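Have a look at the structure below, then the notes.
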Amino acid sequence: MIKKFIDKLLGKPAATGGRPSFGKRQEVGPQEHGIDPSLVDDRALNVVHTLKEAGYEAYVVGGAVRDLLVGLRPKDFDVATNATPEQVKSLFRRAFIIGRRFRIVHVVFGRGREHEVIEVSTFRAYLDNAAAEQVAGNEKTSRSELAGMKHAVDSTGRVLRDNVWGPQDEDATRRDFTINAMYYDPETQVVVDYHGGIKDAKKKLLRMIGDAATRYREDPVRIIRAVRFAAKLSPLGFTLDPKTAKPLLTCLPLLQDVPQSRLFDEMLKLLQTGHAVATIAQLRQLGLAKGIYPLLDLVVERADQPFVKAALQDTDRRVGEGKPVAPSFLLACVLWSDVRDGWARRLTARQHPFPALQEAIDEVFDSRIGDVSGRGKLGADMREIWMMQPRFEKRTGSTPWGLVEQPRFRAGFDFMRLRADIGEVDVVLADWWQEFSQASDAVREDLLAQLRDEQGRGARRVRSTKPAAPRPDADAAPAAAPRAPAPEGDDDTPADDTPAGEGSGAPRKRRRRRRKPAGEGGGSAGPADAA
């Protein structure tokens, strides 16, 4: 004990294998913590009750406890227990063990889109990383070597495997922030706190457990988590503890060893938890505007552009209203200027519009997203949103009917509506599509007929100088067959408007018309009437 005290005074690190301070267990009752038990999800209650009834310890843990303490209704509930993943799985009908780095159990309630997942983790032991098994590569390159390991780190000290079970006090110590290391028993309404999380919550302080630089080396993604929590809790007055914030910039290069897919997922969490605008502000304030992930760097760079700013604000609004958000929509907004500019260059070079747009999209995927998630469903959804934009300009024939039936129509329309909000698209066009998409079939027919009349008035005035009687069978022509993309107004231009011999290239195909005998009906049928 004396040696440890002297080492602490001299600033010497603890000896390898020495036990760090696991804090002092404090049990805080409802009178002090003030948690409203009605905010606890019934499914989380079910999981806790089932585990306790089977003889195990079980608590709501992590961010859910933090949110409950500050009076927020948590969106996700995690449960911690001393039961192993196999024991947890055996207690629930729909439970699945997932993960390699951290083995956890997903207990699933409900079906389809309405399903809810309660994540259950086993208390983990606190192990000195210097004593862990080491691998030379990273999580991807050393996968076969890691297969049989329960606790392993790479050469930088990043934890690649952490599946050694232990007591609750050690589990609390290996968590990141004090306000995320509390355990709440919803049946007894007691909060178990080892590291002063309740005090920090009252002081509105985000503080790392232990030495911040060491914790960032263990898992560099904690850098991103620090930004996310600071952004989420900043409206409530929370700030980062200076000792927690200081190593962020110097530890930033550690993120280069984290798998790109994991960084991509963490980026989406930053932008889709309802605090995207606040996250951009935090990144700039902390000096982390560049260096976390290339695509995130681009979002921060373009956050003040009207279109991207509107998309970020719209995403925050939808999350706040409990509406679903898709990463494909936000990323499509961020990268739209690249697609639009590449498309414009190809049109200037006289390429056909749709292949030109396809090429521009491929170029953006290659340069901005690469192989990480960009060529899967997310990339397909982004492509569909972009490819839909020129189709909104064509409101003739069967195009509007087919477009509103597209699975991604709503996302494509919302994208076009944002473009209209910043003046890139005529707001009248956006209003027309909104009315058309929500109308009955009869009203849709009226809208299309009204549009044909408006577009055909000028053409009919020109045709009135060239009277020509229609064929007797003209009225029997098909009404509206799908046509290839053409400039607006082509559908209402008659074939006979160009006299024979005029124009360049091959002669246009003309419809032969038979003149009626004099006195048998008068006038001429315009294209709108013949259709």
Side-chain angles (χ1 to χ4, degrees), residues 113 268 271-272 274 276 302 305-340 343-344 353-354 356-358 360-361 364-365 377-452 454-455 480 482-483 485-488 491:
R113 293 193 175 189
L268 296 183
L271 300 176
Q272 291 197 279
R302 297 180 175 178
Q305 295 179 3
F307 189 52
V308 177
K309 185 176 182 179
L312 292 168
Q313 292 172 338
D314 186 64
T315 299
D316 286 350
R317 177 188 62 80
R318 290 183 64 86
V319 174
E321 294 174 356
K323 296 178 179 178
V325 292
S328 55
F329 182 85
L330 181 57
L331 293 181
C333 291
V334 172
L335 297 174
W336 170 241
S337 60
D338 292 336
V339 172
R340 184 190 59 212
W343 188 25
F354 281 94
L357 181 54
Q358 290 274 18
I361 292 171
V364 170
F365 278 155
K377 184 180 185 304
L378 182 141
D381 289 346
M382 292 170 65
R383 183 183 296 273
E384 196 165 356
I385 289 171
W386 288 328
M387 292 299 298
M388 210 176 287
Q389 299 312 300
R391 296 181 65 190
F392 284 116
E393 302 288 342
K394 183 176 171 61
R395 293 175 289 165
T396 55
S398 62
T399 297
W401 298 92
L403 195 55
V404 295
E405 297 301 323
Q406 294 291 325
R408 299 294 297 165
F409 169 79
R410 193 73 230 173
F413 169 77
D414 288 344
F415 188 92
M416 189 261 290
R417 169 62 76 180
L418 277 182
R419 293 174 63 208
D421 290 343
I422 66 164
E424 188 178 309
V425 173
D426 190 344
V427 70
V428 174
L429 180 67
D431 291 342
W432 188 92
W433 276 103
Q434 181 164 340
E435 185 176 2
F436 184 85
S437 66
Q438 297 173 350
S440 64
D441 286 353
V443 174
R444 288 179 178 179
E445 292 281 9
D446 291 342
L447 288 170
L448 290 171
Q450 181 182 358
L451 185 65
R452 284 195 298 270
E454 292 174 355
Q455 293 175 341
R483 299 178 59 178
E488 192 69 40
D491 286 335

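Values below: every heavy atom of this structure, side chains too, minus hydrogens, waters and symmetry copies. If you're wondering where the values come from, they're calculated on a predicted model, not measured in any experiment.
Of all heavy-atom pairs spanning Leu448 and Arg395, the tightest one is CD2-O, 3.8 Å. The shortest heavy-atom contact between Ala276 and Asp316 is N-OD1, 2.8 Å. When all heavy atoms are compared, the tightest approach of Val427 to Ala420 is CA-CB, 4.1 Å. In this structure, Arg444 and Ser437 approach most closely via the heavy-atom pair NH2-O, 3.1 Å. Nearest heavy atom pair, residue Val425 against residue Met416, reads CG1-SD, 4.1 Å.
Here the side chains of Lys394 and Leu403 are not in contact, with every heavy-atom distance at 4.5 Å or above. A heavy-atom distance below 4.5 Å is not found between the side chains of Thr315 and Leu271. The side-chain heavy atoms of Met387 and Ile361, taken from C-beta on, include a pair separated by under 4.5 Å. Contact of the Met388 side chain with the Phe415 side chain is not registered, since no non-hydrogen atoms from C-beta on lie closer than 4.5 Å.
Within the model, atoms CD of Gln313 and CZ of Arg318 stand 15.0 Å from one another, a figure rounded to the nearest 0.5 Å. Considering CG of Leu357 and CZ of Arg383, their distance stands at 9.0 Å, rounded to 0.5 Å. Rounding to the nearest 0.5 Å places CD of Gln272 at 11.5 Å from CZ of Phe329. Here the CE-SG distance, from Met382 to Cys333, works out to 9.5 Å after rounding to the nearest 0.5 Å. With values rounded to the nearest 0.5 angstrom, Gln358 atom CD is found 11.5 Å from Trp386 atom CH2. Between the CG atom in Leu331 and the CG atom in Leu268 there is a gap of 6.0 Å [rounded to 0.5 Å].
Under the 3.5 Å distance criterion, the side-chain polar atoms of Trp433 are matched with a main-chain donor or acceptor of Phe392.
Taking a cutoff of 4.0 Å between a charged side-chain nitrogen and a carboxylate oxygen, Asp314 and Lys309 do not qualify as a salt bridge. Using a cutoff of 4.0 Å between basic side-chain nitrogens and carboxylate oxygens, Asp414 and Arg417 are not scored as salt-bridged.
Side-chain atoms of Ser328 and Arg408 include a donor-acceptor pair closer than 3.5 Å. Side-chain atoms of Arg302 and Ser337 form a donor-acceptor pair, as typed in the model, at a separation below 3.5 Å. With 3.5 Å as the limit, one finds a donor-acceptor pair spanning the side chains of Arg419 and Gln389.
Between Trp343 and Phe354, the ring center distance fails the sub-6.0 Å criterion.
With Leu418 as reference, Phe307 is the one residue of Phe413, Trp336, Phe307 to meet the side-chain contact (heavy atoms from CB on, under 4.5 Å) rule.
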Inset, instruction - Verify side chain to side chain contact (heavy atoms under 4.5 Å, CB included) between Asp441 and Trp401, making sure each step is shown before the conclusion. - result: CA-CA 9 Å; Asp441 286 353; Trp401 298 92; 3.6 Å; yes

